[in-house]
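Just so it is clear: chains get the letters A, B, ... in the order the sequence lines come, proteins before strands, and each one is counted from 1. None of the values given here were measured: they were computed from a predicted structure.
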Amino acid sequence: MNIILAHNEISNWLSNRILQLYGLDDEPEVLEPENPQFGDFTTNVAFQLAKKVRKAPLSIAEEIVNSDLPECIKGADVTAGYINFSLSNDVISSIIRNLLSNPDDWRKLHTEKAKKIQVEFVSANPTGPLNIVSARAAAVGSTMANILESAGHNVTTEFLLNDTGNQIHLLDNSFEARIAQIKGNEATIPENGYHGEYIKDYAAEYIESGTHVKPEKWILNKITSEQKQSLEKFRTHFDVWFSEKKFRRSGKIESIIQRLESLGTTYERDKATWFAASKFNSNIKDFVLIKSDGEWAYGLVDIAYHANKFEERGFDKVYTILGPDHYGHRDRLEASMKALGHEDKLKILILQQVNIIEGSEKVKMSKRAGKIITMDELIDDVGVDAARFFFLARRMEAHLDFDLNLARDTSDVNPVYYVQYAHARIRSILKFAENKGLKVEEKINDIKFELAIEPEEILLIRKTIKFPLVVRNASIILGAHLIPFFLIEYSKLFHNFYTKHRVVGENRELSLTRLGISAAVADTIRWGLCLCGISTPNQM
RNA sequence: GCCCCUGUAGCUCAGCUGGAUAGAGCAUCGGACUUCUAAUCCGAGGGUCGCAGGUUCGAAUCCUGUCGGGGGUGCCA
């Protein structure tokens, strides 16, 4: 048995009842009540039907319940118009036993329809080390990809490599100027160029290596490979590194502009070619596809790039995570996808910025001026686990003030350690029991979950079996933050249980039950942290 | 001007596709280690959910207005 199946069973039963009784084809919501006294699942459908069927909520609820109930529940109570369902003990036991004996099945979310999904994120310019903003994007993007994969989708992660264009030219010029300076020649860094120290270091390294690789190629490779390293260190892996330079030479952009023209969505003005975006979204203005000097605008390249994702590579759904300076771009890109017939396939997620706070002042970060806090510094200062948890434990729309001093000082009170500690504690208990000859993995079928009658045990079991619903919900609302928040609350339940009840005690059967619950909690925490790209040490 | 995000406990934030008494972490105060990890637990204090209207059986959640913070806004990427 599996919680998702149980949930579906209740939903379907409810739909059928409503159809039978009132001939309505509604899809009622089956929710989890906050307060456990109201059972495992609840529905407010009686309130919603009250007007339609002209009856009091209470009598509707009673009518619905007055029939054979779904098999997975032991009862349905009507309280104040709500219908509350409680899972039967057999079902609860079977779900938790299944978790222990068949973890792979446990982690399947039985998604109705598996989709081919791409998540694009970070995609920082290869002009310097990745900064803390990219770190947030990396944490959120990689976790979203993990969650979607858990939900049963086929997920590809992608980094768009902006390996051409103005920024790259500026980088080349800055780099070559530094090389010249080191060699003792007169050279100035362009006004808008990259003044950071790292360019100087790279220049020295370039000269020292005595390589014959052209500077522009060398610096791009250098920076890209360092970015890759930083990302891997931050447990963020990209399946595809997509080169903009190659894409520009592929002929796809020419064909997209032709298609947009033949669709009648473009026009000429001031010697430039414009896209009539306002036809698709009245809130936005038209924008330039081909500049008056004949160059392709960034907007055009990105349209072609996104069209390529759907048309050449067949993704059903693409999530692109961008920074807040791309609001305008989001609307334009979505409008253009609409024009090309890919409506609703592209979802641009705007991840809010990270403000660096030092003391009481905001530090303006600028890569060109060389003032940045890099991802590597972040990793060294606060660690991957703490940094990832910090970024993940908030919605992506939330602005984030990152106080580096505070993060350093308080890294030991980061909730991530609280969660990891619960896991380590359980591993320790399991080991202790094993030394006493009680190995829970070998006795899964002997566990008597009905012996768990203490409130702390019951809460823990209920929360454990519902984690897949949290993951599924996170995949639907694209809310990675749901996982950390669940884990904090969940760990609290365990710590509470642990201090009140002895796990390994005199009574062997009870000990086995409590070991079973503990092992299930440890597995669940491991799954949750794994989704977040956070480690689960066995000792702390 | 217009568009997007945001405003919830002293601080950092959950809760927002409307639901049952507004939550967590940190900070503050008071308790708990002879026994499986005290990186823990228990208790206390702390809120007109920015403000004002509206819709609803029901609003932190939806709508309108308003104030504050951040971002975007016709040839940067």
Among B:rG70, B:rA39, B:rA24, which is the nearest nucleotide to the side chain of A:I488? B:rA24

Please check the phosphate of B:rA39 (OP1 and OP2 only) for any side-chain N or O of A:K492 closer than 4.0 Å. no

Under a 4.0 Å heavy-atom criterion, the protein footprint on nucleotides 61-67 of chain B, written with B, S and -, is -------

Return the orientation label for the A:F497 and A:H501 ring planes: parallel under 30°, perpendicular over 60°, tilted otherwise. tilted

Phosphate OP1/OP2 of B:rC13 contacted by A:R394 side-chain N/O (<4.0 Å): yes

Mind checking A:E489 for me? I need base, sugar-phosphate or nothing, with any heavy atom below 4.0 Å counting as a touch. nothing

Is there a residue in residues 421-431 of chain A whose heavy atoms reach under 4.0 Å of RNA chain B, and which residues are they? A:Y421, A:A424, A:R425, A:S428, A:I429

Looking for any heavy atom pair under 4.0 Å, which part of the strands does A:Q539 touch: base, sugar-phosphate only, or nothing? base

Could you work out, with salt bridge (Lys or Arg N to Asp or Glu O under 4.0 Å) as the rule, every residue matching A:K500, not counting sequence neighbours? A:E456

Count the heavy atoms belonging to other residues, nucleotides or ligands that lie under 6.0 Å from NZ of A:K246, then report whether that count exceeds 12. no

May I have the distance from A:M396 (atom CE) to B:rC4 (atom C1'), rounded to whole angstrom? 15 Å

By the salt bridge (Lys or Arg N to Asp or Glu O under 4.0 Å) test, which pairs, at least two apart or in different chains, include something from residues 510-523 of chain A? A:E457-A:R514, A:D523-A:R526

Reported CG-to-CG distance for the pair A:L289 and A:L300, which is rounded to 0.5 angstrom: 5.0 Å

Taking the side chain of A:Q352 as its heavy atoms from C-beta onward, which of B:rC5, B:rC41, B:rC13 lies nearest to it? B:rC5

Indicate, with a heavy-atom threshold strictly under 4.0 Å, whether A:H495 touches base, sugar-phosphate, or nothing. sugar-phosphate

Return all side-chain donor-acceptor pairs below 3.5 angstrom for residues 49-60 of chain A, not counting sequence neighbours, or 'none' if the list is empty.
from	atom 1	to	atom 2	distance (Å)
A:K52	NZ	A:D26	OD2	3.1
A:K55	NZ	A:E63	OE1	3.4
A:K55	NZ	A:E63	OE2	2.8
A:S59	OG	A:A56	O	3.0

Would you classify A:N538 as touching base, sugar-phosphate or nothing, given that sugar-phosphate means primed atoms plus P, OP1 and OP2, and contacts are heavy atoms under 4.0 Å? base

According to a 3.5 Å limit on both distances, what stems of 3 or more consecutive Watson-Crick or G-U pairs are formed with RNA chain B? B:1-7 with B:67-73, B:10-13 with B:23-26, B:28-32 with B:40-44, B:50-54 with B:62-66

Determine the contact category for A:A433: base if any of its heavy atoms lies under 4.0 Å from a base atom, sugar-phosphate if only primed atoms, P, OP1 or OP2 are that close, otherwise nothing. nothing

Of all the choices, B:rU6, B:rC41, B:rG70, which nucleotide is nearest to the side chain of A:Q353 once you look at every atom? B:rG70

A:K347 atom NZ is separated from B:rC4 atom P, nearest whole Å, by 13 Å

Nearest whole Å is fine: how far is B:rA32 C1' from A:N496 CG? 13 Å

Excluding sequence neighbours, so at least two apart, what forms ring pair (Phe, Tyr, Trp, His ring centres under 6.0 Å) with A:F38? none

Pairs flagged by salt bridge (Lys or Arg N to Asp or Glu O under 4.0 Å) wherever residues 382-395 of chain A is involved - sequence neighbours left out: A:R235-A:D385, A:R395-A:E397

Determine the contact category for A:H169: base if any of its heavy atoms lies under 4.0 Å from a base atom, sugar-phosphate if only primed atoms, P, OP1 or OP2 are that close, otherwise nothing. nothing

Cationic tip of A:R136 within the cone over A:F391's six-membered ring, i.e. under 6.0 Å and within 45° of the normal? no

Distance, rounded to the nearest Å, where A:I350 contributes CD1 and B:rG71 contributes C1': 10 Å

Have a look at A:G165 and say if it touches a base, only the backbone sugar-phosphate, or nothing, with a 4.0 Å heavy-atom cut-off. nothing

What's the closest nucleotide to the A:P324 side chain, out of B:rG71, B:rU37, B:rC13? B:rG71

Between the protein and nucleotides 15-22 of chain B, list every N/O to N/O distance that falls short of 3.5 Å.
from	atom 1	to	atom 2	distance (Å)
B:rG15	OP1	A:H481	NE2	2.5
B:rG19	O2'	A:Y82	OH	2.6
B:rG19	N7	A:N44	ND2	2.7
B:rG19	N3	A:Y82	OH	3.4
B:rA20	N6	A:T42	OG1	2.6
B:rA20	N6	A:N84	OD1	2.7
B:rA20	N1	A:N84	ND2	3.3
B:rU21	O4	A:N35	ND2	2.1

Gap between atoms CZ and C1', on A:R332 and B:rU73 respectively (whole Å): 8 Å

Side-chain donor-acceptor distances from residues 470-492 of chain A under 3.5 Å, at least two apart:
from	atom 1	to	atom 2	distance (Å)
A:R472	NH2	A:H7	ND1	3.3
A:S475	OG	A:R472	O	2.7
A:E489	OE2	A:K463	NZ	2.9
A:Y490	OH	A:T464	OG1	2.7
A:S491	OG	A:L487	O	2.7

Answer with yes or no whether A:H326 presents, from its side chain, a donor or acceptor under 3.5 Å of a partner atom in the base of B:rG72. no

Considering every strand and a 4.0 Å limit on heavy-atom distances, what is the contact class for A:D270: base, sugar-phosphate, or nothing? base

Between B:rG70, B:rC42, B:rU73, which one does the side chain of A:H399 approach most closely? B:rG70

A:K466 to A:F41 six-membered ring, cation-pi geometry met (6.0 Å, 45°): yes

Nearest to the A:Y327 side chain among B:rC5, B:rC76, B:rU56, which nucleotide is it? B:rC5

Can you give the donor-acceptor pairs under 3.5 Å from side chains of residues 272-280 of chain A to other protein atoms, not counting sequence neighbours?
from	atom 1	to	atom 2	distance (Å)
A:T273	OG1	A:E268	OE2	3.1
A:W274	NE1	A:R269	O	3.1
A:S278	OG	A:D286	OD1	2.7
A:K279	NZ	A:G264	O	3.2

Sequence neighbours excluded, which residues qualify as salt bridge (Lys or Arg N to Asp or Glu O under 4.0 Å) partners of A:D331? none

